[in-house]
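All remarks here apply to the structure that follows.
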Amino acid sequence: MSRIGNKAITIPSGVEVTVAEGNEVTVKGPKGTLTRKFSPLIGISIEDNTITVTRPNEEKTTKQLHGTTRALLATMIEGCDKEYTKTLQIVGIGYRAALAGKKLTMNLGFSHPVEFDVPDDLTVTVPDANTINVTGIDKQRVGQFAAVVRAAKKPEPYGGKGVRYKDEHVRRKEGKTAAKK
């Protein structure tokens with residue numbers, strides 16, 4: 001029994017969902033349009049502003065696809081209605097970020113600046129030198145770009161310096177001098 005897969009998805013006002021042949025779902029909303037092709041094993045039906053996802057049998061792979069398909073549809077609808085945002089913070093003396101056009105440049109204590117090209121479907125803003133906001137309608141693309149930026153300099157446990165998510169807790173360790181006391 002898939003608890004996630006059996007939940008019905010309500011379509012908010014202003015969002016249009018169409019299911020084409022071959023389980024290709026298109027979601028149009030005020031923020032943009034997303035299209036995704038799903039497995040033909042899963043049934044997707046729209047009735048009265050609700051979407052139901054059904055499976056034909058009880059095989060393990062079909063059960064897995066059932067919950068995954070429903071979750072992906074829900075994130076597509078939510079992204080087209082309101083955008084997803086990830087906020088990154090840069091911690092460290094001399095560490096900073098700047099945005100020039102579609103290029104994100106960060107100084108992270110290396111001998112060279114770290115540069116990233118911002119994808120066309122994402123919006124990156126730098127409100128101050130130590131904060132980066134990644135915004136877009138596709139949850140996977142927002143999370144992936146934020147993870148790639150964070151991987152440039154992960155927060156280290158001794159000084160806490162690096163790039164971290166806004167609400168991320170960094171486990172701190174004591175240094176060598178703590179043991180000598």
Side-chain angles (χ1 to χ4, degrees), residues 4-5 7-20 23-38 44 46 49-51 53 65 67-110 112-156 160-171:
I4 301 284
K7 285 184 181 178
I9 305 167
T10 57
I11 303 171
S13 61
V15 177
E16 219 179 279
V17 180
T18 57
V19 180
N23 267 2
E24 187 170 311
V25 178
T26 303
V27 179
K28 290 181 185 174
K31 301 293 183 182
T33 303
L34 289 174
T35 302
R36 187 177 199 129
K37 188 172 175 118
F38 293 101
I44 301 170
I46 303 172
N49 283 347
T50 59
I51 299 174
V53 180
L65 281 173
T68 303
T69 302
R70 190 261 176 213
L72 289 172
L73 272 170
T75 58
M76 286 172 64
I77 291 170
E78 188 178 339
C80 288
D81 189 29
K82 12 177 194 190
E83 295 180 316
Y84 290 102
T85 301
K86 287 270 191 183
T87 303
L88 299 165
Q89 291 180 327
I90 301 172
V91 177
I93 295 176
Y95 290 17
R96 62 185 167 276
L99 186 68
K102 284 288 204 177
K103 189 170 285 284
L104 176 67
T105 306
M106 298 189 303
N107 294 334
L108 299 173
F110 300 124
H112 59 282
V114 181
E115 295 180 344
F116 293 101
D117 292 324
V118 178
D120 293 332
D121 56 343
L122 298 180
T123 305
V124 175
T125 58
V126 181
D128 61 74
N130 295 328
T131 307
I132 302 169
N133 293 327
V134 182
T135 308
I137 60 173
D138 191 351
K139 186 176 187 177
Q140 191 271 331
R141 300 272 295 154
V142 170
Q144 180 66 37
F145 186 74
V148 168
V149 170
R150 180 183 177 273
K153 182 84 172 189
K154 291 181 184 174
E156 52 102 6
K161 298 191 292 187
V163 181
R164 63 177 77 169
Y165 296 113
K166 181 182 176 191
D167 298 325
E168 181 179 3
H169 173 71
V170 178
R171 270 187 69 193

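In this structure the side chain of V17 never reaches within 4.5 angstrom of the side chain of I9, judged on heavy atoms. Put simply, the side chain of I51 reaches to within 4.5 Å of the side chain of I44, judged on heavy atoms. Side-chain contact between L34 and T26: absent, with no pair of heavy atoms (C-beta onward) separated by less than 4.5 Å. Taking 4.5 Å as the limit, every side-chain heavy atom of P155 sits out of range of all side-chain heavy atoms of V163. The shortest side-chain heavy-atom distance between V19 and E24 does not fall under the 4.5 Å cut-off. A heavy-atom distance below 4.5 Å is not found between the side chains of K28 and V15. Side-chain contact between M106 and V149 is present, with heavy atoms from C-beta onward closer than 4.5 Å. Within the 4.5 Å cutoff, the side chain of T125 has heavy atoms near those of the P127 side chain.
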Exercise for the section: Tell me, with the steps shown, if K37 and N23 meet side chain to side chain contact (heavy atoms under 4.5 Å, CB included). Expected result: CA-CA 6 Å; K37 188 172 175 118; N23 267 2; 5.7 Å; no

Problem - Check against salt bridge (Lys or Arg N to Asp or Glu O under 4.0 Å), E168 and R150 - result: CA-CA 11 Å; E168 181 179 3; R150 180 183 177 273; 2.7 Å; yes

Exercise for the section: Kindly indicate, with the supporting measurements, whether the criterion side chain to side chain contact (heavy atoms under 4.5 Å, CB included) is fulfilled by R36 and V25. Expected result: CA-CA 5 Å; R36 187 177 199 129; V25 178; 5.7 Å; no

Handout entry: Worked check of side chain to side chain contact (heavy atoms under 4.5 Å, CB included) between R70 and K7
Key = CA-CA 8 Å; R70 190 261 176 213; K7 285 184 181 178; 3.7 Å; yes

Exercise for the section: Tell me, with the steps shown, if K102 and D117 meet salt bridge (Lys or Arg N to Asp or Glu O under 4.0 Å). Expected result: CA-CA 6 Å; K102 284 288 204 177; D117 292 324; over 6 Å; no

Exercise for the section: Apply side chain to side chain contact (heavy atoms under 4.5 Å, CB included) to the pair F38 and L72, showing each step before the final yes or no. Expected result: CA-CA 9 Å; F38 293 101; L72 289 172; 3.8 Å; yes

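G162 approaches Y95 most closely through the heavy-atom pair N-CE2, 3.9 Å. Closest non-hydrogen pair, Y165 versus A147, comes out as OH-CA, 3.6 Å.
Separating the CD1 atom in I4 from the OG1 atom in T68 is a distance of 10.0 Å, to the nearest 0.5 Å. The OG1 atom of T135 sits 12.0 Å away from atom CG of D121, with the distance rounded to the nearest 0.5 Å. Note: I90 CD1 to K161 NZ = 13.5 Å, rounded to the nearest 0.5 Å. Separation of atoms CD1 (I132) and CD (Q89) is listed at 10.5 Å; rounding is to 0.5 Å. One finds the CG atom of D167 at 8.0 Å from the OG1 atom of T87 (value rounded to the nearest 0.5 Å). Atom-to-atom distance recorded for T50:OG1 and I11:CD1 is 7.0 Å, nearest 0.5 angstrom.
A distance-only check finds no donor-acceptor pair linking the side chain of Y84 to the backbone of Q140 [under 3.5 Å]. Panel note: side chain T69, backbone L65; a donor-acceptor pair is recorded below 3.5 Å. The backbone N or O of I137 sits nowhere less than 3.5 Å from a side-chain atom of R141 that would complete a donor-acceptor pair.
The residue from T105, L104, L88, N133 that alone fulfils the side chain to side chain contact (heavy atoms under 4.5 Å, CB included) condition with V126 is L104.
For K153 and F110, the positive end sits near the middle of the six-membered ring, less than 6.0 Å away and at most 45° from its axis. The cationic atom of K103 (NZ for Lys, CZ for Arg) does not lie both less than 6.0 Å from the six-membered ring centre of F116 and within 45° of the ring axis.
Residues satisfying the side chain to side chain donor-acceptor pair (under 3.5 Å) test with D120, not counting sequence neighbours, are none.
Counting heavy atoms of neighbouring residues, nucleotides and ligands inside a 6.0 Å radius, atom NZ of K154 does not exceed 12 of them.
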